[in-house]
Colleague: 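Below you will find the structure I want to go over with you.
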There are 2 protein chains.
Amino acid sequence: MYICQKNMFTLSEENYLKAIFHLATDSKKGVSTNAIAEKLNTKASSVTDMIQKLADKKVLVYQKYQGVELTELGRKTAANIIRKHRLWEVFLVEKLNFSWDEVHDVAEQLEHIKSPKLINELDAFLNYPKKDPHGDPIPDKNGNIQVVEKRLLHHLKEGELGVCIGVNDSSSNFLKFLDKNNIALGKQIRVLEKEPFDDSLIVEVEGKKISISHKIANNLYIEK
Amino acid sequence: MYICQKNMFTLSEENYLKAIFHLATDSKKGVSTNAIAEKLNTKASSVTDMIQKLADKKVLVYQKYQGVELTELGRKTAANIIRKHRLWEVFLVEKLNFSWDEVHDVAEQLEHIKSPKLINELDAFLNYPKKDPHGDPIPDKNGNIQVVEKRLLHHLKEGELGVCIGVNDSSSNFLKFLDKNNIALGKQIRVLEKEPFDDSLIVEVEGKKISISHKIANNLYIEK
DNA sequence: AATTAATTTTAGTCTTGTCTAAAAAAATAT
DNA sequence: ATATTTTTTTAGACAAGACTAAAATTAATT
Ligand SMILES: [Mn+2]
Ligand SMILES: [Mn+2]
Ligand SMILES: [Mn+2]
Ligand SMILES: [Mn+2]
């Protein structure tokens, strides 16, 4: 039997856990102090302080100068915050007329609301969605995340066709660009030409030809 | 032209404003340091510190030893937080299967979410409700609160009939007691007997006679 | 292998919001 | 009018979370 403190993690601790979780799934290595600092717009020294505290709380393992790795508890906690973030994003888009470029900042706040009943009822109210408005999978209540096979648009060869299934960048600017060019989740995209000089592409979306920079093509996920 | 800082008030400042607003409408006098401390479960010295800061921010006027009074800006700010609190309570009850005794703690968290679009869309989504699940009026977006004529149950005379329109106490214990005795907003209540010794009442609700202590009768609002 | 460069940690400071203990002012009682 | 009690404010301390500057460690070059 163990004691379970209510309001287990502070807002700041939750943000660190989430950042480390995301960095860990990207790199599959120990997550470095600097990487965390950059993601959270803070300083490395602040990160060192915080990861020591989080190590005491058993959500990650930390060895001086060696970066950190989440424990099972840490992963579950982070996944739960991401679950809340993505469910709220679905709610905002489906029920409150938000567009996909408006939801992130509000979800950053809502993800910290503490109420198991709230999040489970919200899940039911939304009909147990599997993906958020950006195509990212929603973890289940045990913290399991469905792994999706996805590749970046710029990996398609000339002539190949794919379906847009997600974005790597959820910034408002990027999403508005996609809106402007009629690119949305579920839409078909065919690569017509690849320009070797600047790695840009000419693609076809709904009959229209558009030019896509390398940076854009590097942030759009496609399923063949 | 004036500069408007984003995220104008901290969570703590918002809680102080809300507490002062509620204490001010009750007492119509300057609100005392001790009263604020008691409402927020904190110490008078902490309150003194905070009200000095809030006075600097022009949301209240403060003279040493004389208590505080909200400015127009302070009242509007507080009313907006209360608006959010009550709209969220409606959402939880109407859409997410919460009962009226479960909503308050979650709304205490949700009321601090900053997004004008969120709260206006929520208002529309709920069909512009005028009252929250406890019968309290929901301020409009300009901070105006409808004044409701209401009196406590124990002001009814023997034989008089009224309709339950609100509660003075939103604690889970009180609300569960009402549920248990089939008392809900909109229900008719007739006072059959008043016991002078302990100020208790015998009332009739939906054909059933029940005994009501003074404390209960002092927390139930009635419209004749 | 020895330097240099980059990363990470430590030490010390700051702000916010809280606390306790003591001093000051106001309210109440004698 | 004075003394006592209550309320309020000040002074000093603390924890969380952040920062800067300096020291320590690791990584990369020569
Ligand atoms: Mn997001
Ligand atoms: Mn998303
Ligand atoms: Mn409430
Ligand atoms: Mn309420």
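Residue numbering restarts at 1 for every chain, and letters A, B, ... go by the order of the sequence lines.
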Colleague: Assess whether one donor atom and one acceptor atom, taken from the side chain of B/S45 and the base of C/dT20, lie less than 3.5 Å apart.
Modeller: yes
Colleague: Report yes if at least one side-chain N or O of A/S46 is closer than 4.0 Å to OP1 or OP2 of D/dA18; otherwise report no.
Modeller: no
Colleague: Would you say A/Y62 reaches C/dT8's phosphate, i.e. side-chain N/O to OP1/OP2 under 4.0 Å?
Modeller: no
Colleague: Looking across every strand, which nucleic acid part, if any, lies under 4.0 Å from A/T42 by heavy atom: base, sugar-phosphate, or nothing?
Modeller: sugar-phosphate
Colleague: With a 3.5 Å cut-off and heavy atoms only, can you find an N or O donor on one side and an acceptor on the other between the side chain of A/S32 and the base of C/dT8?
Modeller: no
Colleague: Phosphate oxygens OP1/OP2 of C/dT20: is one of them under 4.0 Å from a side-chain N or O of B/K43?
Modeller: yes
Colleague: Take the protein atom CD1 of A/I36 and the nucleotide atom C1' of C/dT7, then report the distance between them rounded to whole Å.
Modeller: 13 Å
Colleague: Among residues at least two apart in sequence or on other chains, which ones pass salt bridge (Lys or Arg N to Asp or Glu O under 4.0 Å) with B/D136?
Modeller: none
Colleague: CG of B/D56 versus P of C/dT16: gap in Å, rounded?
Modeller: 11 Å
Colleague: Just do the side-chain contact (heavy atoms from CB on, under 4.5 Å) check on A/V103 and A/F91 with the steps written out, would you?
Modeller: CA-CA 9 Å; A/V103 296; A/F91 171 72; over 6 Å; no
Colleague: At under 4.0 Å, does any side-chain N or O of B/K64 touch on OP1 or OP2 of C/dA24?
Modeller: no
Colleague: Can you check whether B/Y65 has a side-chain N or O nearer than 4.0 Å to OP1 or OP2 of D/dT6?
Modeller: no
Colleague: Under 4.0 Å from OP1 or OP2 of D/dT10: is there any side-chain N or O of B/Q52 that close?
Modeller: yes
Colleague: Which whole-number value in Å describes the distance from A/I51 CD1 to C/dT8 C1'?
Modeller: 9 Å
Colleague: Using whole Å, what does the distance between atom P of nucleotide D/dA15 and atom CG of A/D49 come to?
Modeller: 14 Å
Colleague: Salt bridge check, B/R75 against B/E72: does any charged N sit closer than 4.0 Å to a carboxylate O?
Modeller: yes
Colleague: Run the salt bridge (Lys or Arg N to Asp or Glu O under 4.0 Å) test against B/K29 and tell me which residues pass, sequence neighbours left out.
Modeller: none
Colleague: Determine: side-chain N/O of B/S12 to OP1/OP2 of C/dT16, distance under 4.0 Å, yes or no.
Modeller: no
Colleague: Are any of B/N34's side-chain N or O atoms less than 4.0 Å away from OP1 or OP2 of D/dT6?
Modeller: no
Colleague: Output the rounded distance in Å from CE (B/M50) to P (C/dT16).
Modeller: 10 Å
Colleague: Looking across every strand, which nucleic acid part, if any, lies under 4.0 Å from B/T33 by heavy atom: base, sugar-phosphate, or nothing?
Modeller: sugar-phosphate
Colleague: Expressed as a whole number of angstroms, how long is the span from A/Q66:CD to D/dA24:C1'?
Modeller: 14 Å
Colleague: Can you tell me the distance, in whole Å, between the CZ atom of A/F9 and the C1' atom of D/dA16?
Modeller: 16 Å
Colleague: Assess whether atom NZ of B/K194 is packed by more than 12 heavy atoms of other residues, nucleotides or ligands within 6.0 Å.
Modeller: yes
Colleague: Between A/Q63 (CD) and C/dT9 (C1'), how many Å, whole number?
Modeller: 15 Å
